[in-house]
Amino acid sequence: MTTFVDRVELHVAAGNGGHGCASVHREKFKPLGGPDGGNGGRGGDVILVVDQAVTTLLDYHHSPHRKATNGKPGEGGNRSGKDGTDLVLPVPDGTVVLDGNGEVLADLVGQGTTFVAGQGGRGGLGNAALASARRKAPGFALLGEPGKARDIVLELKTVADVALVGYPSAGKSSLISVLSAAKPKIADYPFTTLVPNLGVVTAGSTVYTIADVPGLIPGASEGRGLGLEFLRHVERCEVLVHVLDTATLEADRDPATDLDIIEAELRAYGAGLENRPRIVVLNKVDIPDGQDLADIIRPDLEARGYQVFEASAVSRHGLKELSFALAEIVAQARAAKPVDETTRIVIRPKAVDDAGFTVTEEDGVYRVRGEKPERWVRQTEFSNDEAVGYLADRLNRLGVEAALAKAGARAGDEVAIGEEDNAVVFDWEPSLAAGAEMLGRRGEDHRFDAPRPAAQRRRERDVERVDPQKEYDAFKAF
């Protein structure tokens, strides 16, 4: 049974905002007491938060679909809907959040670090909030905005100071078991270690963490064995420890060749691993043949610039010297790191000439893109003419009509607002005036009575594409 997962694809969906309420206050002797529809509640967010008690992404492997609750709709009597509850998802320290294209969205390191993976939708305004001096009794309300839904990838990169790397069965698990209180599985067959193991080591006044990375083999950086899945756990480590087996029973292997192969895989993986400090540990020197091979290979490794230690997990030989040497390197790396500065709040004023939207012409269709226009469209109930007229007024005040005229749009041209696959298309009918004075009875807008040439052209094109008479004639000819 799988107990450790370090990469999952998570489908998150924030809560939808609640719809606003269109209501009129009524009581005895006061049949029309004015609008009293409340606002809809905000949808809940999906929030990732670092929790030191969580060490794996296993829960999200079994349940990859997570959704926050929706906001409640508003009610009459000026009662606003309840906000949706935020969904807080605990993740291990060192989790990297990526989008579907592999772009890094957040690197979560440190207890309590948070990232909003899905933003909850805004609640729609009720007709009480939409009332004004010119529109005293709105007969409509705004819809709640849909919550953000997307697919993200969570990758766990172990946060450790020291990483033990080497061939399978080189003795890495045995070393970490005697250097720290970690209790990994130990056996004499390859790939005994299937998951990274973490241990805490105390050397004098320095306390550091050490990670036992599953064994690497040639081609690990290209996906062979377990290497590619776990090389990411080496990225954050300050020092790499090559554990070389001096008592291997394989005739075609020797410590120097093993070191060269592992170094080639680290260089191929990249991520800055070629610049990390190295220490070489000649392991299993308690075996006579292992000590003899260590004496032969040590001068060559030291000549190549490596700091070499001899060690044995069985006899505890050389472990104290190795532990203090690692502590010294870790302390130097920590001292060289820049001091974390207090987070500064940066205020970036909006540019004076920034309208907040763009107008482009694509194949005869004028497309409007921008946060406000697209949000207003999503919150409009198009079955209510008065709500659509209110949308037209808002777009006019924002300057969309002026921008369309500047881009060359004429009356009857097609205008699309929103993304290509989910855009609202309408025929543009410019107006010099907009507001409550253009409205007739409640729920009506005389702008809908005007002819719609673009819609007529679309219908004619559809008829030409599927002409029953032409199909019948073709059938008879056949």
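A quick note: this is a predicted structure, and the numbers were derived from the prediction, not measured.
The CG atom of L143 sits 11.0 Å away from the CG atom of N16 when rounded to the nearest 0.5 Å. To the nearest 0.5 Å, the span separating CG on L125 from OG on S80 amounts to 9.5 Å.
Counting only distance, with no hydrogens or angles, the side chain of S323 and the backbone of K320 share no donor-acceptor pair below 3.5 Å. N384 contributes no side-chain N or O that, together with a main-chain N or O of F140, makes up a donor-acceptor pair within less than 3.5 Å. Using a distance-only test at 3.5 Å, with no hydrogens or angles considered, no donor-acceptor pair links the side chain of N101 to the main chain of E103. Between the D286 side chain and the S315 main chain, no donor and acceptor come within less than 3.5 Å of each other. In this structure a side-chain-to-backbone donor-acceptor pair under 3.5 Å is missing from R42 to G120.
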task = Given side-chain hydrogen bond (donor to acceptor under 3.5 Å, both in side chains), test T257 with D254 step by step and report yes or no.
result = CA-CA 6 Å; T257 303; D254 64 86; 2.6 Å; yes

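The pair R334-D161 meets the salt-bridge criterion, with a side-chain N (NZ, NE, NH1 or NH2) lying under 4.0 Å from an Asp/Glu carboxylate O. Classification of R66 and D59 as a salt-bridged pair fails, no side-chain N sitting under 4.0 Å from a carboxylate O. Ionic pairing of E263 and R278 is present here: one or more N-O contacts between side-chain nitrogen and carboxylate oxygen are shorter than 4.0 angstrom. The pair D245-K284 meets the salt-bridge criterion, with a side-chain N (NZ, NE, NH1 or NH2) lying under 4.0 Å from an Asp/Glu carboxylate O.
Around atom CD of E371, no more than 12 heavy atoms belonging to other residues, nucleotides or ligands sit under 6.0 Å away. Enclosure of atom CD in Q111 by more than 12 non-hydrogen atoms of other residues, nucleotides or ligands within 6.0 angstrom is indicated. Heavy-atom contacts from other residues, nucleotides or ligands closer than 6.0 Å to NZ of K67 number more than 12.
Under the salt bridge (Lys or Arg N to Asp or Glu O under 4.0 Å) criterion, R298 pairs with E302, E310, sequence neighbours left out.
Using a 4.5 Å heavy-atom cutoff, the side chains of L391 and V377 are in contact.
A313 approaches N283 most closely through the heavy-atom pair N-OD1, 4.2 Å.
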